[in-house]
Amino acid sequence: MIPKSEAERALGVSSTTFYSYVKKLKIQLLTKVDSKGKSSYINPQDLEKMAQAMGKVIESTNSQSKQGSDEHQSNPQEEFKENEIVKENFNLQLKVKEQEEVIKSSNELLSLYKEQNNHLQTQQQQAQSQVNHLYLQIIQTTNKATAYGISAIALLVILILVVTLAVL
């Protein structure tokens, strides 16, 4: 397998041109994910096919393919299975990342709800305190009004007594 960047250099093309030929020739790249990130690889035969389509000759591909076949000594079926395993691994890692994002967003949403709940509880306590204060003021005003009413009645009774005594 040849790294995509080396294949681009060998062909002397940009990444965009490389991908357009991959799509045009229906070449399947092998994608591997590791701690360094995602890397794409191309089979030496596919690189040769791409070079022929571009009208270019790549000499280093044959030596690389021989080197690769010496190292691996694998048949196409084993290579296909390996590619499928790598793809499945990549898909599983994507699913894990998606689930981590869902959990992260759920936790953020939960934190937001908790914050709003605390804010609403604080507002409710402040409103209850204001209601209690107003209730206390009403009771005090009612007590004063009652006291003034009693005083007014007492003065009226005294005034009536004074007028009655003055008339007699």
Handout entry: Other residues, nucleotides, ligands: >12 heavy atoms within 6.0 Å of E84 CD
Key = yes
Handout entry: Atom pair NZ/NZ of K26 and K49 - distance to nearest 0.5 Å
Key = 9.5 Å
Exercise for the section: Supply the atom-to-atom distance I160 CD1 to L155 CG, rounded to the nearest 0.5 angstrom. Expected result: 11.0 Å
Problem - Which atom of A53 lies closest to which atom of L25, heavy atoms considered - result: CB-CD1, 3.8 Å
Exercise for the section: Could you tell me which residues satisfy side chain to side chain donor-acceptor pair (under 3.5 Å) with Q123, sequence neighbours excluded, listed by chain and number? Expected result: H119
Practice task
Calculate, to the nearest 0.5 Å, the distance between atoms OG and CD belonging to S106 and Q99 respectively.
Solution key: 9.5 Å
Problem - Non-neighbouring partners of Q116 that pass side chain to side chain contact (heavy atoms under 4.5 Å, CB included), sequence neighbours left out - result: L112, Y113
Problem - Linked hydrophobic residues, L110 as query - side chain contacts closer than 4.5 Å - result: none
Practice task
Tell me, with the steps shown, if H133 and Q137 meet side chain to side chain contact (heavy atoms under 4.5 Å, CB included).
Solution key: CA-CA 6 Å; H133 180 69; Q137 283 181 336; 3.2 Å; yes
Practice task
Count the heavy atoms of every other residue, nucleotide or ligand shown that sit under 6.0 Å from NZ of K56, and state whether that count exceeds 12.
Solution key: yes
Practice task
Determine, for E101 against K97, whether the closest basic-nitrogen to carboxylate-oxygen distance falls under 4.0 angstrom.
Solution key: no
Practice task
Output, in order, the C-alpha distance, side-chain angles, deciding distance and verdict of side chain to side chain contact (heavy atoms under 4.5 Å, CB included) for T31 and K87.
Solution key: CA-CA 7 Å; T31 304; K87 285 179 186 177; over 6 Å; no
Completion exercise
In this structure, CD1 of I27 is separated from OH of Y19 (nearest 0.5 Å) by 12.0 Å
Exercise for the section: Flag the pair V13 / M54 as yes when at least one side-chain heavy-atom distance between them is below 4.5 Å, and no otherwise. Expected result: yes
Practice task
Start with the C-alpha distance between T17 and S20, add both sets of side-chain angles, then the distance that settles side chain to side chain donor-acceptor pair (under 3.5 Å), and finish with yes or no.
Solution key: CA-CA 5 Å; T17 304; S20 69; 5.2 Å; no
Problem - Test item: K4 and S15 side chains (from C-beta on) under 4.5 Å apart, heavy atoms - result: yes
Handout entry: Co-membership, hydrophobic cluster, residues L30 and L92, 4.5 Å side-chain
Key = no
Practice task
Look at atom CD of Q28 and say whether more than 12 heavy atoms of other residues, nucleotides or ligands are closer to it than 6.0 Å.
Solution key: no
Exercise for the section: Please check if V131 and I139 belong to a single hydrophobic cluster, counting links between Ile, Leu, Val, Met, Phe, Trp and Tyr side chain heavy atoms closer than 4.5 Å. Expected result: no
Completion exercise
Rounded to the nearest 0.5 angstrom, the CD-OG distance for E100 and S105 is 12.0 Å
Practice task
May I ask you to test the L29-V22 pair for a side-chain heavy-atom distance under 4.5 Å?
Solution key: yes
Problem - Heavy-atom check, side chain of K32 versus side chain of F90, under 4.5 Å - result: no
Practice task
Give a yes or no on this: more than 12 heavy atoms of other residues, nucleotides or ligands lie within 6.0 Å of atom CD of E115.
Solution key: no
Fill in the blank from the handout: One should read off an interatomic distance between F18 CZ and L47 CG, to the nearest 0.5 angstrom, of 7.0 Å
Practice task
Please answer: with hydrophobic residues joined when any side-chain heavy atoms are less than 4.5 Å apart, are L159 and V167 in the same cluster?
Solution key: yes
Problem - Residue pair S14 / E8, side-chain heavy-atom distance below 4.5 Å - result: no
Handout entry: Side-chain touch M50/I42, heavy atoms, less than 4.5 angstrom
Key = yes
